[in-house]
Amino acid sequence: MPVTFNLGEALDSLLKAAATSAGLEAAAFVPDVRIADPRHGDFQANGVLGYAKARRLNPRAVAEQLVAALPAEVAADYTVAIAGPGFINFTLKPATLLAWLRAHDSAAHLRANAATARHGQTWVVDYSSPNTAKQMHVGHLRSAVIGEAICRLLEFSGAKVIRDNHVGDWGTQFGKLIWAYRRHLDAAAFAADPLEEFERLYQVGNAAADADPAVLEQARQELVKLQAGDPENLAVWKHINAVSLAAFQPIYDRLGIRFDHTLGESFYNDQVERIYRELAATGLAQESQGALVVFHPEHPRFKTQPFIMRKADGASNYATTDLATALYRAEYFHADGIVVVTDFRQADHFEQLYLTVRKWFAARSYRLPELHHVTFGAVTDADGKALRTRDGGTIKLKELLAEAEARAYALVSERSAELPEAERRAIAAVVGVGSVQYADLAQNRSSDYVFAWDKMISLEGNTAAYLLYAVARIHSIFRKLDAVPGEAATEAAGTPPETPAELALARKLVKFADALRLATDTLRPHFLCLYLYELAGDYSAFYAADKVAVDDPAVRARRLLLCARTLLVMETGLGLLGLRTLTRM
RNA sequence: GCGAGCGUAGCACAAUGGAUAGUGUAGUGGCCUCCGAAGCCAUUGAUCUGGGUUCGAUUCCCAGCGCUCGCACCA
């Protein structure tokens with residue numbers, strides 16, 4: 001019989017069908033299948049408890065009816081038991097475990113089976129989104145790392161994903177910056193580090209404007225000229241942006257990020273008139289204190305807190321461009337879903353934005369995509385304060401990544417001194433960046449995250465290195481036995497798992513599908529991290545308990561199959577998180 | 001003031017309304033003539049307070065307390 005990728009979902013369907021044939025009110029019955037505690041089984045159906053209680057029935061009796069109505073294939077694949085007040089427990093039989101492992105024997109097969117949930121859908125993911133003319137700092141890391149993982153998860157579930165870097169390239173800061181750029185550019189400093197020089201120039205312009213009203217006026221004029229399309233200022237502005245984006249690229253390269261588009265705020269400049277017109281025409285927008293704003297009377301706060309979409313001076317702001325951006329993504333990209341990844345402080349803005357977009361699109365009969373604002377907490381130091389350098393400055397992302405790599409290099413040199421230096425450097429690059437990425441991903445994104453080098457790179461517990469170490473050990477076994485993962489002869493000779501450690505590992509492997517679904521549906525990559533960590537733990541326990549390189553060919557084949565499949569799932573899962581893997585470390 | 005997020009062992013975290021609340025670290029005690037000990041095994045220790053809904057609440061609702069953040073033209 002065919003083995004489905006997501007066994008829990010398949011059970012859910014079978015239970016619904018059984019409810020009908022058992023004469024239950026099938027429409028009202030929700031099987032509620034979920035991963036069970038391994039002590040109870042692999043999956044459990046909790047749905048009969050609520051169903052029976054609501055109808056004053058005996059839950060155990062209902063469960064028995066339901067189990068009796070299940071097709072024979074379920075009894076062939078699972079040991080089924082009714083337990084406690086009416087839980088139905090399903091424990092996979094060893095032969096079923098083997099069948100699943102055999103059916104999912106390559107990255108292509110995993111991908112093909114996973115890529116049904118969002119087949120044919122288009123999702124736009126807006127992440128990273130730094131301001132130009134500034135360096136990326138630690139605050140930009142979470143958006144980039146979480147956003148990239150979400151892109152990969154959505155792609156794996158079958159969606160076409162459009163990665164859009166919505167850079168802040170059109171702020172009022174450009175007046176002062178252009179003023180200073182024209183007068184105080186240090187060519188040598190610019191050549192050494194353009195972003196550092198832009199930041200210095202902005203500070204020079206800012207200080208000069210503070211000190212001298214004439215300078216302030218000149219800077220204002222520079223901005224007016226820029227916004228009016230003055231060719232010279234436009235050229236300077238374009239140069240600043242081009243240089244900034246080029247300077248970001250090495251960081252994106254290290255994080256494995258490639259954007260499809262970099263449509264910053266300036267891209268929407270010529271579309272704001274349409275936004276004003278349409279929101280005024282639909283009656284959503286109104287004049288208030290000289291500004292054009294949207295109130296939401298049904299909302300406890302936004303009935304009085306305005307969504308300002310045109311300032312009193314007539315200028316647009318980020319509400320305007322975000323409205324235009326939503327429209328562009330719906331009209332031009334035909335997005336079925338939009339995901340914007342920013343920190344939680346922008347929650348109010350996006351709540352107002354999405355309320356407005358929903359009403360606006362409804363009024364114009366535009367097709368409304370799913371709108372998601374993926375938020376994440378602050379990165380703090382051990383005292384819970386925003387993470388800063390010792391002198392109070394922000395921590396630059398490129399320095400942070402360099403330090404991660406340096407720490408990883410020191411560690412690998414200590415643990416694996418026998419490896420050639422070039423390889424230790426290469427390992428440090430993977431472990432260093434991966435540790436930073438993983439530390440960001442492994443924690444539920446809603447909460448603040450305490451940044452601590454020691455926890456991140458110490459390589460114990462739920463860290464990238466622990467997972468990469470498990471992967472490296474599997475590769476090491478294959479090297480030692482002069483074998484290749486997934487070899488046909490070995491796979492064919494593999495028999496069902498037998499020992500407790502083999503069974504625990506196999507049972508964890510088949511739950512990859514559920515972890516993927518959970519992480520993707522909730523847009524929370526930490527569910528996948530948690531799964532991979534547990535998988536690595538089950539593998540390590542298996543590794544310690546059951547030797548692979550034994551003489552008995554049947555036992556060896558059985559265990560090599562488990563090694564090959566663990567490797568496949570680990571490498572696939574880590575790849576979805578945006579991490580690279582190693583064969584030695 | 002109004003609103004949002006968060007509150008789980010000493011510390012850092014997990015738990016899609018389910019069974020005895022899981023893990024790491026720190027502590028304690030074991031395991032390398034044996035595939036990589038960056039590992040494995042065992043063990044001590046926790047749901048902010050008070051109500052409510054539910055067969056069942058860390059989870060949902062209400063009220064408090066604490067921390068963080070947001071609230072008229074920055075993004």
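A, B, ... follow the sequence lines: proteins, then strands. Residue 1 opens every chain.
- For the segment residues 551-563 of chain A, no residue has any heavy atom less than 4.0 angstrom from an atom of RNA chain B.
- Checking B:rG18, B:rG36, B:rC34 against every side-chain atom of A:R34, the shortest atom distance belongs to B:rG18.
- Looking at A:N46, its side chain has no donor and acceptor atom pair within 3.5 Å of the base of B:rA19.
- A:D126 is linked by a salt bridge (charged side-chain N to carboxylate O under 4.0 Å, His left out) to A:R329, counting only residues two or more places apart in sequence or in another chain.
- Using a 4.0 Å heavy-atom criterion, one finds that A:D546 contacts the bases of the nucleic acid, with or without backbone contacts as well.
- By the 4.0 Å N-to-carboxylate-O rule, A:R556 lies too far from A:D552 to be salt-bridged with it.
- Partners of A:E287 by salt bridge (charged side-chain N to carboxylate O under 4.0 Å, His left out), not counting sequence neighbours, listed by chain and number: A:R310.
- Taking only distance into account, the side chain of A:T463 never meets the base of B:rA38 through a donor-acceptor pair shorter than 3.5 Å.
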Contacts under 3.5 Å, N or O only, protein and nucleotides 11-15 of chain B:
residue, atom, partner, partner atom, Å
B:rA12, O4', A:K455, NZ, 3.4
B:rC13, OP1, A:Q443, NE2, 3.4
B:rA14, OP1, A:N444, N, 2.7
B:rA15, OP1, A:H526, NE2, 2.8

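- Remark: the separation of the C1' atoms in B:rC67 and B:rC48 is 12 Å, to the nearest Å.
- At the phosphate of B:rG56, neither OP1 nor OP2 sits under 4.0 Å from any side-chain N or O atom of A:K53.
- Counting any heavy atom pair closer than 4.0 Å across all strands shown, A:A83 reaches a base atom.
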Polar atom pairs (N or O), protein with nucleotides 40-43 of chain B, under 3.5 Å:
residue, atom, partner, partner atom, Å
B:rC40, OP1, A:Y466, OH, 2.6

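- Contact between the side-chain N/O atoms of A:R415 and the OP1/OP2 oxygens of B:rA38 is found at a separation under 4.0 Å.
- In RNA chain B, stems built from 3 or more consecutive Watson-Crick or G-U wobble pairs, each with both distances under 3.5 Å, span B:1-7 with B:65-71, B:10-13 with B:22-25, B:27-31 with B:39-43, B:48-52 with B:60-64.
- For residues 338-352 of chain A, the salt bridge (charged side-chain N to carboxylate O under 4.0 Å, His left out) pairs, not counting sequence neighbours, are A:R301-A:D348, A:D343-A:R345.
- Taking A:R142 as the reference, A:D440 meet the salt bridge (charged side-chain N to carboxylate O under 4.0 Å, His left out) condition, with sequence neighbours excluded.
- Within 4.0 Å of A:N89, counting heavy atoms only, lies at least one base atom of the nucleic acid.
- Side-chain proximity of A:F87 to B:rG36, B:rG18, B:rG22: nearest is B:rG18.
- Remark: the separation of the C1' atoms in B:rG50 and B:rC71 is 30 Å, to the nearest Å.
- Under the salt bridge (charged side-chain N to carboxylate O under 4.0 Å, His left out) criterion, the residue pairs touching residues 515-537 of chain A are A:E9-A:R517, A:R118-A:D521, A:K508-A:E534, A:D514-A:R517, A:R517-A:D521, with sequence neighbours excluded.
- Residues in residues 131-141 of chain A take part in no salt bridge (charged side-chain N to carboxylate O under 4.0 Å, His left out) pair, two or more places apart or across chains.
- Base orientation of B:rC67: anti (glycosidic angle beyond 90° from 0).
- Projected onto RNA chain B by closest heavy-atom contact, A:W170 and A:A378 fall at different nucleotides, the more 5' of which corresponds to A:A378.
- Taking atom C1' in both B:rG18 and B:rA57, the straight-line distance is 10 Å, to the nearest Å.
- Checked against a 6.0 Å centroid threshold, the rings of A:F542 and A:Y539 count as neighbours.
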Inset, instruction - Decide yes or no on salt bridge (Lys or Arg N to Asp or Glu O under 4.0 Å) for A:R559 and A:E502, but give the supporting numbers first. - result: CA-CA 8 Å; A:R559 293 182 180 162; A:E502 289 170 2; 2.6 Å; yes
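- Between B:rG30 and B:rC11, the two P atoms lie 28 Å apart (nearest whole Å).
- Listed by first and then second residue, the salt bridge (charged side-chain N to carboxylate O under 4.0 Å, His left out) pairs involving residues 165-176 of chain A amount to none (not counting sequence neighbours).
- Distance from the side chain of A:Q44 is smallest to B:rA19 among B:rG36, B:rC35, B:rA19.
- Separation of the A:Y318 and A:H349 ring centroids falls under the 6.0 Å cut-off.
- For A:R507, the salt bridge (charged side-chain N to carboxylate O under 4.0 Å, His left out) partners are A:D42, not counting sequence neighbours.
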